[in-house]
Enquirer: 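First, the structure itself, so that you have it in front of you.
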Amino acid sequence: EVSQQLVPALQSYWLTIHVTLAALGSGTFVVACAVSFIYLMKVHRRQPRTGFPAKANQYWLGAFLAFPLVFYVVLSLLGVNLQSRMIFTIGGASYTSWGSFMIALGMALPLGSILLTLYYNFVVKKKDNSQFGSNMFALTSLALLIAGLLAGIANVSGIFNITDRSPLRIFEFFGVIAVLLIPAYLLCYYLIYNLGGTFIEKLDFNLDLLDEINYKAITLGYPLYTVGALFAGAVWAEQAWGQFWSWDPKEVGALIIWLFYSGFLHARYNRQWKGSRAAILAVFGFLMVLLSFFGNYFFGGQHAYA
């Protein structure tokens, strides 16, 4: 429930312009992400079913073992305080000493998984010419979304509670997502990919059409997001706070997202990035939108009320 009204300085028609256009722009990014998932699954299912590549298996195993250990050692050497700010209530018992474990996982696995799949798709794939890297990125990203949803449900249901909203806590929340990442990935692979992929395979989806929808959706959303999130937000901020830009975490996040989709359109126009590469960028961009959207809870700032 809404527990408080906007302060008088923020009660302006710019609220409607800013939020509506930014939401519409983000909505087109959702469409681009959705068709990109379908594209990546469909293009992979056209390849010979050779199983899980041994090289990819080695990368995954090494990442899941090495990333948390390396992050934990680095944080310890830097003297970072890893005391937990979450209270876990599992099985009726409360636990508050999992901070270092969850933060190490949170810093390592979600980010490491994305970087790993990008590396496999853009570097390793050039050597073996397979589409497995694209598929691995799609499934991993979808698993991250499902794991984040499960972590949110666990938070609402009281399995764990965040007692501190400092920026470091977002990594502890990511740690919970990381714990759920492997079962979510298996769920995506065996249910969504095998069953849903079979359904997608039967539908007459044209790959060029999916790629065109991805491009057109971002082309439509880019100016909406630019005007709504950046220009309208800046004008509203100047009227309410007396300055166009204040390096608020939400403002920085919106700028990074805008720069990312600017790079996407540049790669499309000038580098002719299409197909799997464009689909991967669309999925990655939407993950950035989600991080910016929910980051208010952890990073605070003038948008924390949202």
Side-chain angles (χ1 to χ4, degrees), residues 19-44 109-118 121-122 133-152 170 173-174 177 180-181 184-185 188 192-193 196 200 205 210-226 228-230 249-250 252-268 273-299 303 306:
V19 175
T20 301
L21 294 182
L24 287 174
S26 299
T28 63
F29 300 154
V30 176
V31 174
C33 178
V35 297
S36 296
F37 275 131
I38 298 175
Y39 182 97
L40 292 173
M41 285 194 291
K42 191 172 181 64
V43 75
H44 175 68
L109 292 188
L111 178 61
S113 298
I114 295 295
L115 293 177
L116 180 67
T117 50
L118 286 174
N121 186 79
F122 287 94
S134 302
N135 175 66
M136 185 167 65
F137 178 84
L139 291 179
T140 302
S141 301
L142 189 58
L144 280 171
L145 295 178
I146 293 178
L149 177 62
L150 294 176
I170 194 172
F173 183 76
F174 282 166
I177 295 177
L180 299 171
L181 180 61
Y185 183 87
C188 291
I192 298 176
Y193 175 67
I200 291 174
F205 281 131
L210 293 174
D211 182 65
E212 188 69 14
I213 293 174
N214 176 26
Y215 166 61
K216 291 294 180 59
I218 293 179
T219 303
L220 174 62
Y222 180 79
L224 292 174
Y225 192 85
T226 301
L230 295 181
K250 189 75 168 183
V252 175
L255 177 61
I256 293 174
I257 292 170
W258 181 81
L259 290 174
F260 178 86
Y261 282 107
S262 298
F264 174 93
L265 294 177
H266 173 78
R268 180 81 182 205
W273 278 27
K274 298 181 179 181
S276 296
R277 283 186 171 183
I280 287 175
L281 291 178
V283 173
F284 191 71
F286 180 61
L287 293 177
M288 295 173 62
V289 171
L290 285 181
L291 178 60
S292 174
F293 186 79
F294 291 104
N296 297 339
Y297 189 82
F298 300 95
F299 294 107
H303 288 79

Enquirer: With rounding to the nearest 0.5 angstrom, report the CZ to CZ distance, Phe293 to Phe286.
Expert: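 One finds 10.0 Å between CZ of Phe293 and CZ of Phe286.
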Enquirer: To the nearest 0.5 Å, what is the distance between SG on Cys33 and CG on Leu281?
Expert: 12.0 Å
Enquirer: Please assess Tyr261 against Ile257 for the test side-chain contact (heavy atoms from CB on, under 4.5 Å), listing each intermediate value before the final yes or no.
Expert: CA-CA 6 Å; Tyr261 282 107; Ile257 292 170; 3.7 Å; yes
Enquirer: Taking all atoms of both residues into account, what is the closest heavy-atom pair of Val289 and Ser26, and its distance?
Expert: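 Taking every non-hydrogen atom into account, CG1-OG, 4.2 Å.
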Enquirer: Tell me yes or no: between the side chains of Tyr222 and Ser262, is some donor less than 3.5 Å from an acceptor?
Expert: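 A donor-acceptor contact under 3.5 Å links the two side chains.
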Enquirer: Atom CZ in Phe264, atom CD1 in Ile218: separation rounded to 0.5 Å?
Expert: 3.5 Å
Enquirer: Dump the intermediate steps for side-chain contact (heavy atoms from CB on, under 4.5 Å) on Phe37 and Leu145, then the final yes or no.
Expert: CA-CA 12 Å; Phe37 275 131; Leu145 295 178; 4.2 Å; yes
Enquirer: Does any part of the side chain of Ile280, heavy atoms only, come nearer than 4.5 Å to the side chain of Ser36, both counted from C-beta?
Expert: no
Enquirer: Indicate the atoms forming the closest heavy-atom contact of Ala22 with Tyr225, along with that distance.
Expert: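 Scanning both residues completely, I find the closest heavy atoms to be O-CD1, 4.0 Å.
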Enquirer: Can you name the closest pair of heavy atoms from Ala278 and Asn214 and give their distance?
Expert: O-ND2, 3.4 Å
Enquirer: What is the minimum heavy-atom distance between Ala32 and Ala282, and which atoms define it?
Expert: O-CB, 4.0 Å
Enquirer: Determine the minimum heavy-atom distance between Ala151 and Ile177, stating which atoms define it.
Expert: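 Heavy-atom minimum between the residues: CB-CG1, 3.9 Å.
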Enquirer: Please assess Arg268 against Asp211 for the test side-chain contact (heavy atoms from CB on, under 4.5 Å), listing each intermediate value before the final yes or no.
Expert: CA-CA 11 Å; Arg268 180 81 182 205; Asp211 182 65; 3.0 Å; yes
Enquirer: Rounded to the nearest 0.5 Å, what separation is found between the CG atom of Leu149 and the CG atom of Leu180?
Expert: 10.0 Å
Enquirer: For the backbone of Ser292 and the side chain of Lys250, can you confirm whether one donor and one acceptor N or O come within less than 3.5 Å of each other?
Expert: yes
Enquirer: Could you give the distance from CD1 (Ile213) to CG (Leu220), rounded to the nearest 0.5 Å?
Expert: 13.0 Å
